[in-house]
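Take a look at the structure set out below.
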Amino acid sequence: MAQLRSVRVRFAPSPTGELHIGGARTALFNYLFARAQKGTFILRIDDTDLERSRPEYTEGLLNSMRWLSLDWDEGPYFQSRRLEEYNREAARLLEEKKAYHCYCTPEELAAGREQARKAGKPYLYPGTCRNLSREKARAHLAAGRSAVIRLRTPDHGETVVRDLIRGEIRFNNSDLDDFIIIKSNGLPTYNFASVVDDTQMQITDVIRAEEHLSNTPRQQLCIEALGYEQPRYAHVPMILAPDRSKLSKRHGAISVEEFRSRGYLPEALINYIALLGWSPGEEEIVPLSKMVSLFSLDRVSKTAAIYDTTKLTWMNGYYLREAPLDRIATEALPFFEARGLLKAPLEKEEEDYFKKVIATVRDRVKTLVELAEASTYFYQEISSYDPKGVEKHFCKEGSADLLRRAAELLRNVEPFDLDTVETAYRDLSKELGVSTGRLIHSTRLAISGRTMGPGLFEIIILLGRDKTVSRLEKAALWIEEL
RNA sequence: GGCCCCUUCGUCUAAUCGGUGAGGACACCAGCCUUUCAAGCUGGCAGCAGGGGUUCAAAUCCCCUAGGGGUCACCA
């Protein structure tokens, strides 16, 4: 079908918490759709819930979006600054008798619901105030009752939602009641505010989580009453927690900020969440720019996905290994600072060394937290030796001597470079009549405190002659004191 | 409970008008490589929720059952 209007989509979070991966993925899909269609991506903050909305959450939301490089073209718009729009539209509906004031108290409504529950019947607002006489209304007002505004919805017929992902979904209007569009505090409800904004902002495609599917007929009814054109809808599957329940804070790391602080790279997180509900085709490692050219809604699945950080972690390791060194250095620095290994800003020399350390260590870690952890011995003296390693490599006869001979060798070897040191080391092991492995393993433990890590000779060269020699001697002494 | 959506390896998914030994990725296991740990390479394990139809032929279409999820607020 020919595209008449250029595409306009929006991501409309409510600032009641940090951006979590479900929201991030909805934002991503909107972003991809907009970019793929050369359309406009709008950010709107749905902050009509006075109780729960916090400005600091808005700030966090924006930060997370920026960090993920989900840049938007318009906004952020704030619903709280558009209240006159909702009131104007509501007034028009009132005028046209498509909406009406309702004076029922929350207590009365709750009582009705309770009664329905007891009777095992579904509760629908009974329409008490639907055709209230002027006198009755005045009486309620005089009695100090406050009013809400409800939409007058059809009792018969059906409302059909045409969903780009799920096809036609039919709802009986008789199952829908006259729901509230303006609360007694004068603020619009979600279903109404959302619709007024979407129409006024000329949103062409509403792409959002499946949890909104059931609300869609209500919104379509609003749009119909307002006399506007319906947007297209696409409800993307939910992301569920590992226990199959709806994502919430109790499920551990689910906010973008948390992933960030746990040492995940934005490109890895983006790539991973894209795969939750969307399939790029053959290759799963897809950078954001590539995603744009590959993205289409008909490759979005209908099935809810359970998120599982195992694959994300693998992917993070991949990006950690493959990304340009400078980029990793930038991302890693805060983690090195947090461990007290470095303090920004770095001197030129410090920075060069830092990059060398990262280059040798990054191949075997999966997160930036691990990267910093695995780099400590390049910055700090050895405070303890791995106990299992001690048992294996330090407790054998002659271990201390072995290390002393190694120290002696390294003190004198020229030039102090990878090949020369390695050759000398192999020669030494022959001369001493021990396996090369034995010599290597005990050296590694002595200079890094660990049994695993980068190639030994890389560590030695990077650490430098002086530190290596002194650590070997220190270890020899330590063994003798055992 | 009413309404709505969904159901392919443990997890993410492919198989887009019915014809495949049901493909890939992560994880797991084994082997190779190797100074350790990773990485990499090779191989392996593992799935169409169940039951009925329709059809020469069903993961794919229809119905039922079961399971999961969502929603029914003066939350969004």
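To find a chain, count down the sequence lines: A is the first, B the second, and so on, and within it residues start at 1.
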> Could one point to a donor on the side chain of A:R450 or the base of B:U36 with an acceptor on the other under 3.5 Å away?
Replying inline: no

> Can you find a side chain N or O atom of A:R426 that sits less than 4.0 Å from OP1 or OP2 on B:U35?
Replying inline: yes

> So which one's nearest nucleotide on RNA chain B is more toward 5', A:M452 or A:I306?
Replying inline: A:I306

> B:G70 phosphate, OP1 or OP2: any side-chain N/O from A:R208 under 4.0 angstrom?
Replying inline: no

Under 3.5 Å, N/O pairs linking protein and nucleotides 40-50 of chain B:
none

> Counting just side-chain N and O atoms, does A:K392 come under 4.0 Å of either OP1 or OP2 of B:U36?
Replying inline: no

> Is there a donor on the side chain of A:E211 or the base of B:G69 sitting less than 3.5 Å from an acceptor on the other?
Replying inline: no

>> Test of understanding: with ring pair (Phe, Tyr, Trp, His ring centres under 6.0 Å), list the residues that count as partners of A:F394, not counting sequence neighbours.
In response: A:Y385

> If you draw the axis of the six-membered ring of A:F78, does the NZ or CZ of A:R44 fall within 45° of it and under 6.0 Å from the ring centre?
Replying inline: no

> Does A:K183 place a side-chain N or O at less than 4.0 Å from the phosphate oxygens OP1/OP2 of B:C75?
Replying inline: yes

>> If the cut-off is 4.0 Å, is A:T48 near the phosphate of B:A76, judged by side-chain N/O to OP1 or OP2?
In response: yes

> Which heavy atom in A:R362 sits nearest to a heavy atom in A:A323, and how many Å separate them?
Replying inline: NH1-O, 2.8 Å

>> Can you give me the closest heavy-atom contact between A:L50 and A:L187, atom names plus distance?
In response: CD2-CD1, 3.3 Å

>> Can you confirm if the aromatic rings of A:Y86 and A:F192 lie within a centre distance of less than 6.0 Å?
In response: no

